[in-house]
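Each remark here refers to the structure printed beneath this line.
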There are 2 protein chains.
Amino acid sequence: MQMSEASAWLTRLFEGHRLTPTQRRIAQCLIRRPDEAPFLSSVELAGLAGVSQPSVTRFAVALGFDGYPALRRRLRESLRDGRAAAGPDDAGPPANVYQRAVLAEIGHLRQLAAALADTARIEEAGRLLAASRPLPVLGLRAAAAEAGGFAYFAAKVHPDVRLLTEGGSVLADRIEAAADAGASALLCFALPRHPREAAEALAVARGAGLRVVTVADSAVAPVAGPGDLLLSAGVGTGLSFDTACAPALLGRAVLEAMCDALPDAQSRLERFDARAAERGLFLG
Amino acid sequence: MQMSEASAWLTRLFEGHRLTPTQRRIAQCLIRRPDEAPFLSSVELAGLAGVSQPSVTRFAVALGFDGYPALRRRLRESLRDGRAAAGPDDAGPPANVYQRAVLAEIGHLRQLAAALADTARIEEAGRLLAASRPLPVLGLRAAAAEAGGFAYFAAKVHPDVRLLTEGGSVLADRIEAAADAGASALLCFALPRHPREAAEALAVARGAGLRVVTVADSAVAPVAGPGDLLLSAGVGTGLSFDTACAPALLGRAVLEAMCDALPDAQSRLERFDARAAERGLFLG
DNA sequence: TTTCGACTGCATAGAATTATGCAGATGAGT
DNA sequence: ACTCATCTGCATAATTCTATGCAGTCGAAA
């Protein structure tokens with residue numbers, strides 16, 4: 001018989017206790033369903049075992065618990081522990097603070113990879129941004145770097161990218177100017193700590209009729225609006241300052257999707273490369 | 001923080017829902033405790049999130065469930081699924097380009113984590129940069145974003161950070177001005193494709209007596225000089241444009257080391273926080 | 001300033017879960 | 001056969017959990 005971690009634990013628990021026939025049925029039932037067991041109410045367990053509900057309570061007491069909830073609590077803990085032990089197989093002590101921060105970011109990237117299994121949202125984001133001329137890209141304070149990185153590359157395939165990294169009253173002017181010039185969407189990088197200005201700027205953008213695409217640190221970012229297309233990736237908090245690898249990478253993924261939605265992206269890139277070589281812009 | 005399968009599922013669930021501040025607190029609480037979440041009663045969850053129990057019920061309804069028990073049922077299913085899927089590590093083929101790019105970056109981060117086991121070089125970099133007043137930070141073209149991100153945070157703990165992201169003849173002027181003002185080191189982000197200008201700028205810096213610390217994409221970066229302190233991390237090339245998660249993260253690690261080498265970093269941060277709160281700079 | 005709508009916690013009703021008193025059943029020992 | 005201890009389920013009490021009406025608060029719009 002194949003014994004899982006949890007049912008082995010259960011078996012050990014039952015050993016050394018004199019159990020009545022009815023109680024044995026309950027125990028068998030628990031051993032056979034180690035995954036469901038921690039979630040069952042006494043009524044449900046009784047039903048599955050074919051015994052009365054009070055027998056379940058008495059079973060728990062017979063095992064030395066204060067009552068059925070106490071037994072279930074133990075089952076939950078053992079499930080959690082088993083889960084934790086099975087998860088990260090590299091049990092080595094994460095040596096220093098730098099390594100811990102990097103490992104945490106790996107976790108965020110894993111999550112991002114899982115989220116990217118569904119490409120519908122990111123492709124929609126790509127289409128929206130590709131269709132907007134001009135394309136305003138907003139990122140204030142800490143998010144300015146991510147917005148800048150996006151805008152630098154985006155400008156190589158999109159004819160009119162407008163990078164907005166400075167707040168103040170001019171920001172609203174520039175958003176409205178972009179809308180007047182024909183923009184239909186705006187890309188916003190929203191990272192903690194969320195500046196109040198960013199929320200205000202997004203309100204202006206929505207008011208101007210722009211569709212807002214937001215790359216944020218969490219799906220519950222306070223700057224997100226109802227009609228926005230929100231994409232999220234975790235931010236690392238292990239160091240003195242936040243690290244936003246995953247959001248930055250998500251931004252590049254959006255950029256890729258935007259390229260795919262721009263028919264002449266490839267030819268623009270080739271033209272740039274040709275001119276760069278001509279001018280000796282890069283080494284190597 | 002280690003992100004599990006379950007919280008990824010949660011994150012996807014919350015996306016696209018308009019949530020009130022109280023509901024965001026509940027969502028954050030669930031995301032932060034993916035292992036406990038499926039076991040919590042509405043009362044317990046309310047307690048952990050610091051909201052009232054009815055708010056939890058309303059939260060579940062807002063997400064489209066029939067009630068809180070229905071939400072919890074879904075959490076339990078996702079926990080079970082995650083458990084089942086956790087067995088065969090990553091058997092599935094890396095479906096799409098986005099996922100492949102993210103997985104490649106995870107590989108770079110793994111290498112970075114290994115390299116950071118030895119903290120001597122990064123700590124030396126931190127000391128060098130902390131001691132330089134002013135501190136010029138150089139990053140041209142694609143590297144401007146990484147340099148900008150570093151400089152934004154560095155300015156919160158270092159009294160005189162000078163961000164240099166624009167090339168041209170003025171760049172050499174500004175480097176020499178920094179040296180004249182007392183700078184003893186310069187931090188350079190050097191990413192492909194390496195601009196010729198960057199190499200020239202570093203030559204100027206060395207000529208002015210600055211110690212150069214370079215965060216680069218490879219240990220054989222063409223811009224590195226003999227006396228430089230070179231730190232490297234891989235760059236992703238799976239998408240149309242390079243992704244520099246690992247170098248960016250390495251930059252933040254250098255920043256952390258610099259903070260450790262600045263005795264009054266902590267007090268500066270606290271002063272900033274106090275003033276930010278005073279001015280209502282950030283949301284939440 | 002007033003009004004209105006949205007949000008939130010309190011109080012409480014309604015539902016479920018759990019524990020316990022009780023009686024019938026079973027089986028061992030006298 | 002009688003007694004007694006044990007076991008079991010039924011009915012129900014006690015507890016815990018969930019949902020909802022209501023009023024106070026806050027911010028936006030008129």
Side-chain angles (χ1 to χ4, degrees), chain A residues 14 17-30 33 36-76 172 194 196-197 199-208 220-227, chain B residues 14 17-30 33 36-76 280 282-284:
Chain A
F14 301 146
H17 283 95
R18 158 149 274 153
L19 294 181
T20 69
T22 301
Q23 291 170 343
R24 241 189 297 284
R25 290 186 70 175
I26 299 171
Q28 296 282 359
C29 188
L30 289 178
R33 286 178 241 275
E36 301 175 52
F39 300 111
L40 299 173
S41 70
S42 65
V43 177
E44 293 168 319
L45 177 55
L48 287 171
V51 303
S52 72
Q53 175 271 324
S55 293
V56 174
T57 291
R58 294 182 182 122
F59 170 73
V61 174
L63 259 45
F65 295 97
D66 276 350
Y68 177 69
L71 165 60
R72 188 172 49 189
R73 205 160 27 245
R74 281 284 287 272
L75 292 176
R76 289 174 182 179
H194 300 279
R196 185 174 300 278
E197 282 180 322
E200 290 160 5
L202 289 186
V204 170
R206 291 184 202 108
V220 291
V223 297
Chain B
F14 299 147
H17 280 96
R18 151 144 248 163
L19 295 179
T20 69
T22 297
Q23 290 170 343
R24 262 195 291 277
R25 290 187 69 174
I26 299 171
Q28 297 277 11
C29 190
L30 289 178
R33 289 170 225 276
E36 301 175 50
F39 301 113
L40 299 173
S41 70
S42 66
V43 176
E44 292 169 318
L45 177 54
L48 288 171
V51 304
S52 71
Q53 175 271 324
S55 293
V56 174
T57 292
R58 294 181 181 124
F59 171 72
V61 173
L63 258 46
F65 295 96
D66 276 350
Y68 177 70
L71 166 60
R72 188 173 48 191
R73 202 158 32 244
R74 283 282 289 272
L75 291 176
R76 289 174 182 178
F282 298 115
L283 296 172

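As a basis for the values below, the full set of heavy atoms in this structure was taken, side chains included, without hydrogen atoms, waters or symmetry mates. Just so it is clear: chains get the letters A, B, ... in the order the sequence lines come, proteins before strands, and each one is counted from 1.
Here C:dC7 presents its P atom at 17 Å from CZ of B:Arg25, a figure rounded to the nearest Å. Taking atom CZ on B:Arg73 and atom C1' on C:dA16, their separation rounds to 13 Å, with Å as the unit. Between A:Ile26 atom CD1 and D:dC7 atom P the separation is 13 Å, expressed in whole Å. One atom, CZ of B:Phe59, and another, C1' of D:dA19, lie 17 Å apart when rounded to the nearest Å.
Residue A:Phe65 holds its CZ atom at 9.5 Å from CZ of A:Arg73, rounded to the nearest 0.5 Å.
For A:Leu45 against A:Cys29, the heavy-atom pair with the smallest separation is CD1-SG, 4.0 Å. Across every non-hydrogen atom of B:Pro38 and B:Arg76, the tightest pair is O-NE, 3.0 Å.
With respect to B:Phe59, the side-chain contact (heavy atoms from CB on, under 4.5 Å) criterion is satisfied by exactly one of B:Thr22, B:Leu30, B:Val51: B:Leu30.
The phosphate of C:dT8 has OP1 or OP2 within less than 4.0 Å of a side-chain N or O from B:Thr22. The side chain of B:Ser55 places an N or O atom within less than 4.0 Å of a non-bridging phosphate oxygen (OP1 or OP2) of C:dG9.
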Restricting to nitrogen or oxygen on both sides, can you table the protein-nucleotides 18-22 of chain C pairs closer than 3.5 Å?
residue: C:dT18; atom: OP1; partner: A:Arg72; partner atom: NH1; Å: 3.2
residue: C:dT18; atom: OP1; partner: A:Arg72; partner atom: NH2; Å: 3.0
residue: C:dT18; atom: OP2; partner: A:Ser42; partner atom: N; Å: 2.4
residue: C:dT18; atom: OP2; partner: A:Ser42; partner atom: OG; Å: 2.6
residue: C:dA19; atom: OP1; partner: A:Tyr68; partner atom: N; Å: 3.3
residue: C:dA19; atom: OP2; partner: A:Thr57; partner atom: OG1; Å: 3.0
residue: C:dA19; atom: OP2; partner: A:Tyr68; partner atom: N; Å: 3.2
residue: C:dA19; atom: N7; partner: A:Gln53; partner atom: NE2; Å: 3.2
residue: C:dA19; atom: N6; partner: A:Gln53; partner atom: OE1; Å: 2.8
residue: C:dG21; atom: O6; partner: A:Arg58; partner atom: NH2; Å: 3.0

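Taking 4.5 Å as the limit, every side-chain heavy atom of B:Tyr68 sits out of range of all side-chain heavy atoms of B:Val43. Contact annotation: the side chain of A:Arg72 approaches that of A:Ser41 to within less than 4.5 Å [non-hydrogen atoms, C-beta and beyond].
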